[in-house]
Amino acid sequence: MAYLIRAILLATFMFPALVESAVRHYNFTVVMTNMTKLCASKSIVTVNGKFPGPTLHAREDDNVIVRVTNHVKYNVTIHWHGVRQLRTGWYDGPAYITQCPIQPGQSYVYNFTLTGQRGTLLWHAHISWLRATVHGAIVILPKRSVPYPFPKADKEKIIVFGEWWKADVEAVINQATQMGVAPNVSDAHTINGHPGPVTNCTSQGFTLHVESGKTYLLRIVNAAVNDELFFKIAGHNLTVVEVDSSYTKPFKTDTIFIGPGQTTNALLTADKKIGKYLITVSPFMDTIVAVNNVTGIAFLRYKGTVAFSSTTLTNVPAINATEVTNTFSDNLRSLNSKRYPAKVPLTVDHSLLITMAVAVNPCATCPNGTKVGAAMNNISFVMPTTALLQAHYYKISGVFTDDFPAKPPIAFNYTGNYTGTLQTTNGTRLYRLAYNSTVQLVLQGTTVIAPENHPTHLHGFNFFAVGKGSGNFDPNKDPQKFNLVDPVERNTISVPTAGWTAIRFRADNPGVWFLHCHLEVHTSWGLKMAFVVDNGKGPNESLIPPPSDLPTC
């Protein structure tokens, strides 16, 4: 009997997704760990000493409890990216939005339920630039006896993309902030923590092992800090079946486009001749902005491949391959089946147009007297010193206002030759929504200083991407072309360079929910805002009370 109990406990610890349980317990210990990449060593912030961090396994509707203990000198939070956090905003994780950070030597227990979600998501630090090394995958299996709505794979593989700086990442952003300039770009892209061989460093890299004739479900996560990425496997097509934990109509592609914070599940069939095939992760940037242009390299290797076999190569997309990104995005459609319907809001209570722009603001302490900034509707978001959710729940005045404008304060030719001011206003301004109201949000790119693609993440909700286009959004003509039948459902969406994206969602989750560009450099500059969603009727439509161990500022 003792042996049986020990075996069950061991199985629960090693393979939590395989054991029937409504509650999943994890311990995340934040520590400094020495790592060697690019033929040089440095100490980085990690969870449990791993880069990427441990994978969190659960099933749809499971309760997940994670104790996070901070043993480093930095303040820390963890965001469970894409988890709906229905009524549990205290556990969402963005610092000073839903919680004060976990201070050195302190701990906090995150406690949430994966309601109605299945697929792949990610977790990452949500303070300063710590997510560069503090991140990992979340695997949410369907309920037991509920099949995938696509052919079951023989095996599943997790593939996490990241970035690596030779320098200390916190020093990189701190120096840039003091100087008022853009921070240095990363030195490499990583695949499951490995950059692969690069100039002047012949590191081994990651190898994806496969067997002929078998099908693999690749759970692909872009945990990069600032780069949208292309993913290719030489000679092989991939069948996309899910993005951001929402099933899609399957489609085949040889290139996956994935922004920071996005996830993609794709089927890979090992149907080529035995051998070794190149895997590439390369950046996308279709404007005049500095980017890390080093291709991350890994290898797919068939069982039975002899040593020193030659590698089948592939061409990476051009760095400015906008058409490749459009083709991929246009193919994404919600599954919209009887079991998984696309519940697109057909009427709109709140219609917002939000411009996204880089700016230049005065800075008395910066060498040039100015600093780079960014803004939504010309408001550069000022982070509070009291968490917004606490201020909302306890009705603390003076922390934020709820007068974020539903449209730009001054209309202009957003994607034309801009000749206006480069300076923004500053404020902690939120937009208030009634419970269960419906929202249409048009995110409008601009050419202020430089046009750029903005991968944008909304906390607390999935949304439907009903339309996108180049140039300025036309409120009369463009909605006529919206897809209100089977638009892709996501939590993070790209706003095209000098273009726009329209999303819709229902405000069925009370609390305070962050909306921000998921390029960390832009978030640092103020390209962010938040929605405050009021309680509905009764406890089932209301935010739960804060936990007793909620960190203090």
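All values below were derived from every heavy atom in this structure, side-chain atoms included, with hydrogens, water molecules and symmetry-related copies excluded. Quantities reported herein were computed from a predicted structural model and do not represent experimental measurements.
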>> Testing the 3.5 Å rule here: is there a donor-acceptor pair between the side chains of Thr77 and Gln99?
In response: no

> With under 30° as parallel and over 60° as perpendicular, where do the rings of Phe257 and Phe284 fit, or are they tilted in between?
Replying inline: perpendicular

>> Could you tell me if the side chain of Val225 sits less than 4.5 Å from the side chain of Pro260, heavy atoms only?
In response: no

>> Using the rule side chain to side chain contact (heavy atoms under 4.5 Å, CB included), only one of Thr523, Leu430, Leu515, Asn426 pairs with Phe381; which is it?
In response: Leu430

> If you round to the nearest 0.5 Å, how far is CD of Gln204 from NE2 of His194?
Replying inline: 8.0 Å

> Closest approach of Thr428 and Pro384, non-hydrogen atoms and distance?
Replying inline: CG2-CD, 4.3 Å

> Which heavy atom of Ser282 sits nearest a heavy atom of Val316, and at what distance?
Replying inline: OG-CB, 3.8 Å

>> Rounded to the nearest 0.5 Å, what separates atom CG in Leu527 from atom CD1 in Ile379?
In response: 12.0 Å

>> If I compare all heavy atoms of Met32 with all of Ser43, which pair ends up nearest, and what's the gap?
In response: CE-OG, 3.4 Å

> Do Glu170 and Ser128 have side-chain heavy atoms sitting under 4.5 Å apart?
Replying inline: yes

>> If you apply the rule side chain to side chain contact (heavy atoms under 4.5 Å, CB included), what do you find for Thr325 with Phe230, and how did you get there?
In response: CA-CA 9 Å; Thr325 70; Phe230 295 117; 3.7 Å; yes

>> Using modelled atom types and a 3.5 Å cut-off, is there a donor and acceptor pairing between side-chain atoms of Thr295 and backbone atoms of Thr280?
In response: no

> More than 12 foreign heavy atoms under 6.0 Å from CZ of Arg67: is that the case here?
Replying inline: no

> Of the options Glu520, His126, His79, which is the one that meets Arg131 in a side-chain hydrogen bond (donor to acceptor under 3.5 Å, both in side chains)?
Replying inline: Glu520

> With a 4.5 Å limit on heavy-atom distance, are the side chains of Thr385 and Cys553 in contact?
Replying inline: no

> Is there a donor in the side chain of Thr120 and an acceptor in the side chain of Thr263, or the other way round, less than 3.5 Å apart?
Replying inline: no

> Between SG of Cys517 and CE of Met356, what distance do you get to the nearest 0.5 Å?
Replying inline: 5.0 Å

> Given the rule in the side chain to side chain contact (heavy atoms under 4.5 Å, CB included) test, do Ile159 and Ile279 qualify, once you have shown the distances and angles that lead to the verdict?
Replying inline: CA-CA 11 Å; Ile159 299 179; Ile279 299 175; 5.8 Å; no

>> Once rounded to the nearest 0.5 Å, what's the spacing between atom CD of Glu60 and atom CG of Asp62?
In response: 9.5 Å

> So, does Thr98 use its side chain to make a donor-acceptor pair with the main chain of Gly93 at under 3.5 Å?
Replying inline: yes

> So, for Gln117 and Ile140, which heavy atoms are closest and what is the spacing to 0.1 Å?
Replying inline: O-CG2, 3.1 Å

> Does the Arg219 side chain pair with the main chain of Gly119, one donor and one acceptor, at a distance under 3.5 Å?
Replying inline: yes

>> Can a donor-acceptor pair be found, under 3.5 Å and without considering hydrogens, that links the side chain of Trp165 to the backbone of Asn184?
In response: yes

>> For Pro104 versus Asn75, what's the shortest heavy-atom pair and its separation?
In response: CD-OD1, 3.3 Å

>> Between Trp164 and Phe51, is the ring centroid distance below 6.0 Å?
In response: yes

>> For the residue pair Thr424 / Asn361, report whether a side-chain donor-acceptor contact shorter than 3.5 Å exists.
In response: yes

>> Assess the residue pair Val512 and Ile97 against the criterion (side chain to side chain contact (heavy atoms under 4.5 Å, CB included)); give the C-alpha distance rounded to whole Å, side-chain angles, the decisive distance to 0.1 Å, and a yes or no.
In response: CA-CA 7 Å; Val512 175; Ile97 306 299; 4.1 Å; yes

> Mind checking whether Tyr26 and His57 have side chains closer than 4.5 Å, heavy atoms only?
Replying inline: yes

>> Looking at Asp286 and Thr322, would you say the former's side chain and the latter's main chain have a donor-acceptor pair under 3.5 Å?
In response: no

> Nearest 0.5 Å, what's the CG-OH distance between Leu550 and Tyr108?
Replying inline: 4.5 Å

> Without hydrogens or angle criteria, can the side chains of His81 and Thr492 be said to hold a donor-acceptor pair below 3.5 Å?
Replying inline: yes

> With side chains defined as the heavy atoms from C-beta onward, is the minimum distance between Trp525 and Val358 less than 4.5 Å?
Replying inline: yes

> Within the distance-only criterion (no hydrogens, no angle test), does the side chain of Tyr216 pair as donor or acceptor with the backbone N or O of Lys157 below 3.5 angstrom?
Replying inline: no

> Could you give the distance from CZ (Arg87) to OG1 (Thr115), rounded to the nearest 0.5 Å?
Replying inline: 9.5 Å

> For Met285, does the CE atom sit with more than 12 other heavy atoms under 6.0 Å from it, leaving out its own atoms?
Replying inline: yes

> Within a radius of less than 6.0 Å around NZ of Lys50, do more than 12 heavy atoms belonging to other residues, nucleotides or ligands occur?
Replying inline: no

> Which one of His516, Lys528, His454 satisfies the side-chain hydrogen bond (donor to acceptor under 3.5 Å, both in side chains) criterion with His522?
Replying inline: His454

>> Between Asn462 and Glu489 (side chain of the first, backbone of the second, donor and acceptor by atom type, cut-off under 3.5 Å), is there such a pair?
In response: no

>> When you measure from the side chain of Lys232 to the backbone of Asn315, do you find a donor-acceptor pair of N or O atoms at a distance under 3.5 Å?
In response: yes

> Counting only N and O atoms by type, is there a donor-acceptor contact under 3.5 Å from the side chain of Asn509 to the main-chain atoms of Arg84?
Replying inline: yes

> Do Ser41 and Asn34 have a side chain donor and acceptor closer than 3.5 Å?
Replying inline: no

> Is the shortest heavy-atom distance from the side chain of Val66 to the side chain of Trp80 under 4.5 Å?
Replying inline: yes

> Checking side chain to side chain contact (heavy atoms under 4.5 Å, CB included) against Phe112, which of Val83, Ile65, Asp92 comes through?
Replying inline: Val83

> Any side-chain heavy atom of Ser186 within less than 4.5 Å of one from Asn226?
Replying inline: no

>> Below 30° counts as parallel, above 60° as perpendicular, anything between as tilted: where do the rings of Phe231 and Phe161 land?
In response: tilted

>> Please give me the minimum heavy-atom distance between Ile319 and Val291, naming the atom from each residue.
In response: CD1-CG1, 3.4 Å

>> Using side-chain heavy atoms (C-beta onward) and a distance below 4.5 Å, is Tyr393 in contact with Trp90?
In response: yes

>> Donor-acceptor pair, distance only, cut-off 3.5 Å: does the side chain of Ser203 make one with the backbone of Leu38?
In response: no

